[in-house]
J.: 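Shown below is the structure under consideration.
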Amino acid sequence: MNLRGVYAIWWREMIAFLRETPRLISAIVNPIVWLFIFGAGLGASVDVSGVDYQKFIFAGVLTQTFLFTSIFYGAYLVWDKRIDLLKSILVSPLSRATIFFGKVLGGVTISLMEALIVLVFGIFIGIPYTPASFLMSLLIVFIASAIFTSVGLTIGSMMESPEGFQLLSSFLLFPLFFLSGALFPLENLPGWLETVTAANPVTYVVDMLRGTLLGVQHFDTSHNLLLLGVFLAITSAVGVEAFKRMKS
Amino acid sequence: MSSSVIETKKLTKTFNGRIHAVQDLSISIEEGEIYGFLGPNGAGKTTTIKMLATLLDPTSGSARVNGFDVVKQPSKVRESIGIVFQEPSSDELLTGYENLRLSALMYDLPASEIESRIDGSLELVELNDRRNDLVKTYSGGMRRRLEIARGLLHRPRILFLDEPTLGLDPRGRETMWRYVERLTEELRMTILLTTHYMEEADSLADRICIIDKGKSVAIDTPARLKRKVGGDLVTIVADSPRIAEIRRLKSVRKIEQKDGTFVITMDNAAAHLQDLLKRVGKVDSVEVRSPTLDDVFIKHTGRGLEQAEGGWFEKMVQNTTNKE
């Protein structure tokens, strides 16, 4: 892997992202819409784990925003293949790992921008930030979006058509989101759901963010960090391998 | 054969176990040469280039590019080559300049040289005045030129041009030819060019490999290939020409008939035409021409280049899938 190559791929992703106005707009509007739907719609009358529900799901909404962005980021890879752009990158001396991590970094940067918007909105619903919790949240987003971007890129590397990508990623996204602790507390779950949530990386992302922002946490921080580290190692290794097998 | 920059030995690519896109191709390309692959669409030209550029693995056989094996040392091969694809692959959302900068970073050019190299490349293809415009505003010819600029940026020893003038108007095509000639003259680059335009192969290539249905059928200089057709071609339209009379002429080599049209292959037609016409009797029209690469193609494959454009490969793919 060479860092200059990673930078090159990242730089291109950033220019393309900033020039594609619809992408830019959806990155800004999406989080606001989600906050509005969940925040105002589901109301603030119920208390969960000692905080009101709006605050409780804030970490879930934050995660949801960049989870979708990160996974769907893989669709642009399919598009690159379609318009013959990928060929010129694959024929360069850059290793597949370099190309992969350049792309991951691009997805992570876009996720961080979106997360930042949501975090700022958090001020209005009364999330008690400290500088440390704010920075810690961004760090969690960084790790988590690297995991999800890797998953999205892996799917993208195997798909020939945007439709195929859409199908497979949606199939994956909804259980990932709904079978995590994003919308409900992890205490007193039925056995099967407890098993499913435990295998889902989104669970640990949400739990860690909630702990950082509100002090409400189900697992230990070290437990969460360790598992996210393991998920990151697995998804990026699988992603690099998938890129090595990718045909133009 | 150590002076060859590209060398393949029985290079073969088979798709789905039975479609032979390229079969036992053995070629050797010398340094500084413009080498042309001429053949109809689907003849295996692009598949060959993809194997040489490490984008496709050969099914069997071997290939060395700049001395490196395409399967075992792909990144060394990639550093040695530049490639201009059939479909332009520049990023439309980037400007011409940004596309080149991306390429410069990918090929790890020294930071101090990046700007001057980009300037030089843009200058060569006369795109300097449009460098800061988005590629999506470029015409087809400009895109193709940008591809060339990008292919040259890292100063590869070998440049692959896959159908470089496909879809260009005649003027664009001529401009492109001029650039290609300049590249070998000024930069002493080795160029491998694929085309299904015979005039293109004729005017550009030092040597031509005629390729049909995945196999190389003839390799030589355009001049020699044409000479091997065996003389000039005289086409006569006549009702009842005295064929037996013409046959007696020593310069006549071959007579082919199709309805009322007779194609006579003969040596030095300019000198012997008078004699020929005297013997043949009344004719409606006469046409004399030197052989073209199309005649060469006919000689080796039994059909013309245009005729061969019928998408044989697609038909074959269809046939095999139908059988399943």
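In what follows, chains are A, B, ... by sequence order, proteins preceding strands, each numbered from 1.
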J.: Out of A:S92, A:S95, A:A8, A:G102, which one racks up the most heavy-atom pairs below 4.5 Å with chain B?
T.: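 Among the listed options, the one with the most contacts to chain B is A:S92.
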
J.: Could you check whether B:R131 pairs with B:D119 (Lys NZ or Arg NE/NH1/NH2 to Asp/Glu carboxylate O, under 4.0 Å)?
T.: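 Yes, this pair counts.
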
J.: Please classify the contact of A:I83 with chain B as side chain, backbone, both or neither, using a heavy-atom distance under 4.5 Å.
T.: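 Backbone of A:I83 only, per the 4.5 Å heavy-atom cut-off to chain B.
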
J.: What part of B:L102 gets closer than 4.5 Å to chain A, counting heavy atoms only: side chain, backbone, both or neither?
T.: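 It is both, since atoms from each part get that close.
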
J.: Counting only heavy atoms closer than 4.5 Å, note whether B:S90 contacts chain A via side chain, backbone, both or neither.
T.: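 Only the backbone of B:S90 comes within 4.5 Å of chain A.
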
J.: Cut-off 3.5 Å, side chains only: do A:E13 and A:Y73 have a donor facing an acceptor?
T.: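 Yes, A:Y73 and A:E13 have a side-chain donor paired with an acceptor closer than 3.5 Å.
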
J.: Counting heavy-atom pairs under 4.5 Å with chain B, which one of A:D80, A:I89, A:I99, A:T98 comes out on top?
T.: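 The answer is A:I89.
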
J.: Go through the atoms of B:L56 and report whether side chain, backbone, both or neither lie under 4.5 Å from a heavy atom of chain A.
T.: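 No part of B:L56 comes within 4.5 Å of chain A.
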
J.: Counting only heavy atoms closer than 4.5 Å, note whether B:P74 contacts chain A via side chain, backbone, both or neither.
T.: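 Contact with chain A is absent: no heavy atom of B:P74 under 4.5 Å.
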
J.: May I ask you to say whether B:R188 pairs ionically with B:E31, meaning some side-chain N is under 4.0 Å from a carboxylate O?
T.: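 No, B:R188 and B:E31 are not salt-bridged.
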
J.: Can you say whether B:E147 sits under 4.5 Å from chain A via the side chain, the backbone, both, or neither, judging by heavy atoms?
T.: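 Contact with chain A: none, neither part.
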
J.: Among A:G5, A:A16, A:P93, which has the most heavy-atom pairs under 4.5 Å with chain B?
T.: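 It is A:P93.
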
J.: Under a 4.5 Å cutoff for heavy-atom pairs, which residue among B:D91, B:L94, B:V77 has the most contacts with chain A?
T.: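 Ranked by contacts with chain A, first place is B:D91.
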
J.: Using a strict 4.0 Å threshold on nitrogen-to-oxygen distance, state whether A:E241 and A:R245 make a salt bridge.
T.: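 Yes, charged N to carboxylate O under 4.0 Å.
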
J.: Taking the six-membered ring for Trp, are the ring centroids of A:F174 and A:F68 within less than 6.0 Å of each other?
T.: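 Yes: the rings meet the under 6.0 Å criterion.
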
J.: Quick one about B:D162 and B:T46 (side-chain donor to acceptor, distance below 3.5 Å, no hydrogens or angles considered), yes or no?
T.: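 Distance-only check passes for B:T46 and B:D162.
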
J.: Given the ring of B:Y197, does B:R173 sit roughly above its face, with NZ or CZ under 6.0 Å from the centre of the six-membered ring and within 45° of the axis?
T.: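 Yes - B:R173 lies over the ring of B:Y197, closer than 6.0 Å to its centre and within 45° of its axis.
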
